[in-house]
Amino acid sequence: MTKYELPDVWQWEEENSNRGGNRPTAGERFEQKLPVGEAPFQLYSLGTPNGIKVTIMLEELKELGVDDADYDLYKINIGAGDQFGSDFVKINPNSKIPALVDQSLNPRVEIFESGSILLYLAEKYNKLIPTDIHGRTETLNWLFWQIGAGPFVGGGFGHFFAYAPEPMEYPIDRFTMETKRQLDLLDKVLAQRSYIAGDTYTIADIAIWSWYGRLALGKLYEGSYEFLNMDEYTHLLEWAHRIAERPGVQKGLAAEYQSLAE
Ligand SMILES: N[C@@H](CCC(=O)N[C@@H](CS)C(=O)NCC(=O)O)C(=O)O
């Protein structure tokens, strides 16, 4: 590998932009008309760990008897750059999935950031978030933890383990250590309680399972189960399997993959 010399001012070159057509600028790149259906919720998403949080949440709400949690699901192909189209950018100026529109209200409510979407839905229906101050705060602690910690796994470990052009020791060591620290943290928490925030299933479980549960089950990056020595996280594994069996979770995964597979 040639030694990298830091330039005085970094310059963007298209061939160095990695996957997904990212550029160092935000904003819309082309005119786009997104489809709009009849259901109360319009979901623009993809079956990634952040994307599945929302279909799981909506399916869990339906399992709990919330009839108006119906949604239309539209594929945003982030590999093809759909997230930079004008209609999508109006909903989420940050150009990332998932994005949700609640058109049961007038004017319609536009929601982006998966944590914000989970909280919006939990509060709207008063489900999957405890109402007492201690339980609610602990749920939010872990919800915010996931949003902050997840990029070390996805953008750090996952990127360098699975997607970088070649294995690189320094970033792999750095992000594997942090990922294993996070897995150990969750394992220790789940040794003490049945669910992430206490003794009930909440939006914190949905957010954390979609990343760490899927990682624990070996569903995110090929070969990572062995590489991370996942067998040592017994409490995390037990929780990950238990959550995977929930009908709402299974329907949430099926909804995402069936509708987005075309
Ligand atoms: N913090 C955001 C992260 C969303 C995110 O990173 N989404 C990815 C897919 S999992 C994406 O849309 N990437 C497209 C891109 O970076 O251009 C959330 O939780 O919603």
Side-chain angles (χ1 to χ4, degrees), residues 12 14-30 32 34 41-58 71 73-102 109-122 128 139-164 175 179 182 196 202-215 219-221 224 252-253 255-257 259-261:
W12 176 63
E14 190 147 17
E15 62 270 24
N16 293 339
S17 62
N18 292 319
R19 303 180 317 142
N22 274 317
R23 297 179 191 167
T25 51
E28 63 180 63
R29 295 186 194 165
F30 59 91
Q32 176 194 52
L34 285 178
F41 292 104
Q42 302 294 298
L43 176 56
Y44 302 95
S45 193
L46 192 67
T48 68
N50 289 316
I52 63 173
K53 291 174 190 171
V54 184
T55 46
I56 290 173
M57 178 67 179
L58 288 161
Y71 59 100
L73 176 59
Y74 302 107
K75 176 181 181 175
I76 296 296
N77 185 342
I78 59 177
D82 292 353
Q83 70 274 34
F84 304 111
S86 55
D87 260 10
F88 189 85
V89 171
K90 277 190 201 101
I91 303 168
N92 183 1
N94 192 40
S95 287
K96 309 259 180 209
I97 65 95
L100 183 71
V101 175
D102 180 354
V109 184
E110 296 167 343
I111 317 136
F112 66 91
E113 281 293 321
S114 59
S116 180
I117 294 172
L118 291 178
L119 187 56
Y120 178 88
L121 291 169
L128 299 171
T139 300
L140 294 183
N141 288 343
W142 285 103
L143 178 66
F144 281 76
W145 176 84
Q146 190 285 308
I147 302 296
F152 288 97
V153 176
F157 170 75
H159 177 81
F160 287 101
F161 180 75
Y163 303 127
F175 291 118
T179 298
Q182 293 180 9
I196 293 289
T202 67
I203 52 174
D205 293 282
I206 295 178
I208 293 175
W209 186 86
S210 296
W211 275 101
Y212 298 87
R214 299 278 287 166
L215 181 66
K219 304 282 190 199
L220 288 192
Y221 312 111
S224 68
L253 292 177
E256 195 85 11
Y257 291 122
S259 307
L260 300 183

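Note that ligands are numbered from 1 as they come in the structure, with each ligand's atoms numbered from 1 the same way. All values reported here derive from a predicted model rather than from experimental measurement. Heavy-atom basis, side chains included; hydrogens, waters and symmetry copies ignored.
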Query raised in the report: How does N22 reach ligand 1, by side chain, by backbone, by both or by neither, if only non-hydrogen atoms under 4.0 Å count?
Result: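 Just the side chain.
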Requested in this report: Under 4.0 Å, heavy atoms only, figure out whether ligand 1 is touched by the backbone of I97, its side chain, both or neither.
Outcome: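 Looking at I97 and ligand 1, atoms from backbone and side chain both fall under 4.0 Å.
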Query raised in the report: What is the ring orientation for F161 with Y221, classed by angle as parallel under 30°, tilted 30 to 60°, or perpendicular over 60°?
Result: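 Perpendicular: the ring planes of F161 and Y221 meet at over 60°.
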Query raised in the report: Can any side-chain N or O of D205 pair as donor or acceptor with the backbone N or O of I196 at less than 3.5 Å?
Result: yes
Query raised in the report: Are the side chain of S86 and the backbone of Q32 linked by a donor-acceptor contact shorter than 3.5 Å?
Result: yes
Report task. Mark up the atoms of ligand 1 that fall under 4.0 Å of a heavy atom belonging to N50, in ascending order. Result ->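 Selected atoms, number and element: 3 (C), 4 (C), 5 (C), 6 (O), 7 (N), 10 (S), 19 (O).
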Query raised in the report: Which of the atoms in ligand 1, numbered in the order shown and given with their element, are less than 4.0 Å from a heavy-atom of P98?
Result: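 Here the atoms of ligand 1 in question are 20 (O).
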Query - Within 6.0 angstrom of Y120 OH, more than 12 heavy atoms from elsewhere - result: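 Correct, the count exceeds 12.
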Query raised in the report: With only distance considered, is K96 within less than 3.5 Å of ligand 1 through an N or O on each side?
Result: yes
Report task. Could you walk me through whether Y212 and W142 pass ring-ring contact (aromatic ring centres under 6.0 Å, His included), step by step? Result -> CA-CA 12 Å; Y212 298 87; W142 285 103; 9.7 Å; no
